[in-house]
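What follows is a short report on a single structure.
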Amino acid sequence: MNDANLTMTVPIAPPALSDQPFLTVRDLHVEFAAQQPLFGRYRSPVRAVNGVSFSVPRGQTLGLVGESGAGKSTAARAILKLVQVQSGQIVVGGQDVTALPTRALDGYRRQVQVVFQDPYSALNPSHVVGEIVGELVTHHRRVRAGRARDEIVADLLQQVGLGPHLMERLPGELSGGQRQRVAIARALAVEPRLIVCDEPTSALDVSIQSQIINLLEDLQARKGLTYLFITHNLAVARHISHTLGVMYLGYLVEMGPTERVYTQPAHPYTAMLLAANPVPDPVQQRQRAALRQMYRQGVEPPSPTRLPPGCPFANRCPLVMDICRRTMPAPSEAPGGGMVRCHAHSNEAAPSQRAG
Ligand SMILES: Nc1ncnc2c1ncn2[C@@H]1O[C@H](COP(=O)(O)OP(=O)(O)O)[C@@H](O)[C@H]1O
Ligand code: SF4
Ligand SMILES: [Mg+2]
């Protein structure tokens, strides 16, 4: 999907935006141990998330973009308490959940839900929709199967634009868009306050993608939901996110107000991602093609088990300086707002080394 495909309407005026963070992540590190030794030597762990920090105000959306393997899903899984974190802090609704004991997980899952890319694998294929949504209603709201629960399920289905007749259907009898709506209804069943959306539209047709994005926006406006929205589609990210974060090899390399990041990218990697994104305007398209020429095409990023001491983008970056190969840039203020990790914007690079 490109920018032209995503002409959407938001049916309900968004509420006044809050500045109160609902989700805060501080200096998060997640590593995966190497499974087996290679030629008798122990392999280094995969450093999937490296010192990521962000916060998402209540009722807003933080979009996370970046190529496959950037660590987006791992960061999300850490927030969902599905992977162990090496260090850092995760605060949700004012509660530090970094070291939540197992017995507290059930209560946590009432606040935080997830919608994945592939609704088919997330829905039990042998259960009808009424059961799939209903079992969470029973578990979290203590309403047993029966007419009262059916009414709650029908209401949840209606909230995601599905009729009550679908309660008797199996996931295999639904379209991809309907399945994703059921997955959203199931997430809503526990009345969460934060929904982690991990590529929720990537497996859907373009026209259906827009409908699901509109639905998520509508639900956010009505319920004040907070979203962490992961996508590799920049047009989708631009549409839905209040703030946009860009990840590269486990690092959050840039973050800021979505329009600023999109129209005035500060990090060369963000500029590269944008240059790869088709736009309808032929002049802009030519500019992006020229920008694409500047990047080292076909150069592989370093392995996440052997990250270089300096900037992980150095071997692909047209602005690379000596300092970039030695030192990882610290976060600094990005022109126009937000944060960037790049020596071209930091005070650490000597003036003679700075890119113009
Ligand atoms: N369970 C796992 N075990 C080992 N390595 C993993 C595991 N999950 C993810 N990784 C690695 O962590 C890095 C980040 O992956 P991921 O978070 O899935 O990225 P993204 O969602 O941005 O595509 C990748 O190098 C990936 O191979
Ligand atoms: S720190 Fe250096 S190599 Fe890394 S993105 Fe900035 S200019 Fe390029
Ligand atoms: Mg992923």
Side-chain angles (χ1 to χ4, degrees), residues 25 28-36 43-50 52 63-80 82-86 114-118 121-122 196-203 228-233 237 245-254 265-273 291 294-296 299-332 334-335 339-350 352-356:
V25 169
L28 187 70
H29 290 260
V30 182
E31 285 181 9
F32 294 108
Q35 296 298 316
Q36 302 138 351
R43 285 189 275 181
S44 311
V46 175
R47 288 169 53 195
V49 177
N50 294 310
V52 164
L64 271 188
V65 297
E67 288 163 311
S68 180
K72 307 180 296 296
S73 294
T74 303
R77 288 165 65 78
I79 293 161
L80 292 161
L82 298 173
V83 290
Q84 231 185 339
V85 308
Q86 255 57 49
V114 60
V115 176
F116 287 114
Q117 171 173 350
D118 178 7
S121 63
V196 173
C197 304
D198 193 351
E199 307 264 9
T201 60
S202 303
L228 176 65
F229 193 99
I230 293 169
T231 177
H232 62 265
N233 185 318
V246 182
M247 285 189 72
Y248 185 71
L249 277 172
Y251 292 97
L252 189 64
V253 295
E254 176 161 14
H267 198 282
Y269 176 63
T270 313
M272 187 186 94
L273 280 184
L291 195 56
M294 288 172 62
Y295 290 91
R296 300 186 186 172
V299 176
E300 289 292 318
S303 158
T305 61
R306 279 194 315 271
L307 290 178
C311 171
F313 193 57
N315 69 334
R316 299 166 90 184
C317 181
L319 305 181
V320 62
M321 300 169 276
D322 286 346
I323 188 173
C324 305
R325 297 201 172 88
R326 292 195 306 269
T327 319
M328 176 67 199
S332 61
M339 142 343 246
V340 60
R341 287 188 84 159
C342 171
H343 287 302
H345 295 279
S346 74
N347 296 323
E348 288 163 52
S352 61
Q353 287 189 316
R354 294 266 204 119

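Throughout, residue positions are numbered sequentially from 1 according to the sequence presented. Numbering of ligands and ligand atoms starts at 1, following listing order.
Taking all heavy atoms of C342, P312, A344, C324 into account, the minimum distance to atom 6 (Fe) of ligand 2 is reached by C342.
Listed by number with element, the atoms of ligand 2 under 4.0 angstrom from any heavy atom of C311 are 1 (S), 3 (S), 4 (Fe), 5 (S). For ligand 2, the atoms lying closer than 4.0 Å to a non-hydrogen atom of C317 are 3 (S), 5 (S), 7 (S), 8 (Fe). Near A70, the atoms of ligand 1 lying under 4.0 angstrom from a non-hydrogen atom of the residue are 19 (O), 20 (P), 22 (O). Residue S68 approaches ligand 1 through these ligand atoms, each under 4.0 Å from one of its heavy atoms: 23 (O). Near V46, the atoms of ligand 1 lying under 4.0 angstrom from a non-hydrogen atom of the residue are 11 (C), 12 (O), 25 (O). Atom numbering of ligand 1 starts at 1 in the shown order; those under 4.0 Å from a heavy atom of T74 are 9 (C), 14 (C), 15 (O), 16 (P), 17 (O). Close approach of ligand 2 to P329 is summarised as follows: ligand atoms under 4.0 Å from at least one heavy atom of the residue are 1 (S).
At least one heavy atom of G71 lies less than 4.0 angstrom from ligand 1.
Of the protein's non-hydrogen atoms, H343 N, 3.2 Å is the one closest to atom 1 (S) of ligand 2. In terms of protein heavy atoms, atom 5 (S) of ligand 2 is closest to H267 CE1, 3.5 Å.
Going from atom SG of C311 over to atom OH of Y251 covers 9.0 Å, rounded to the nearest 0.5 Å.
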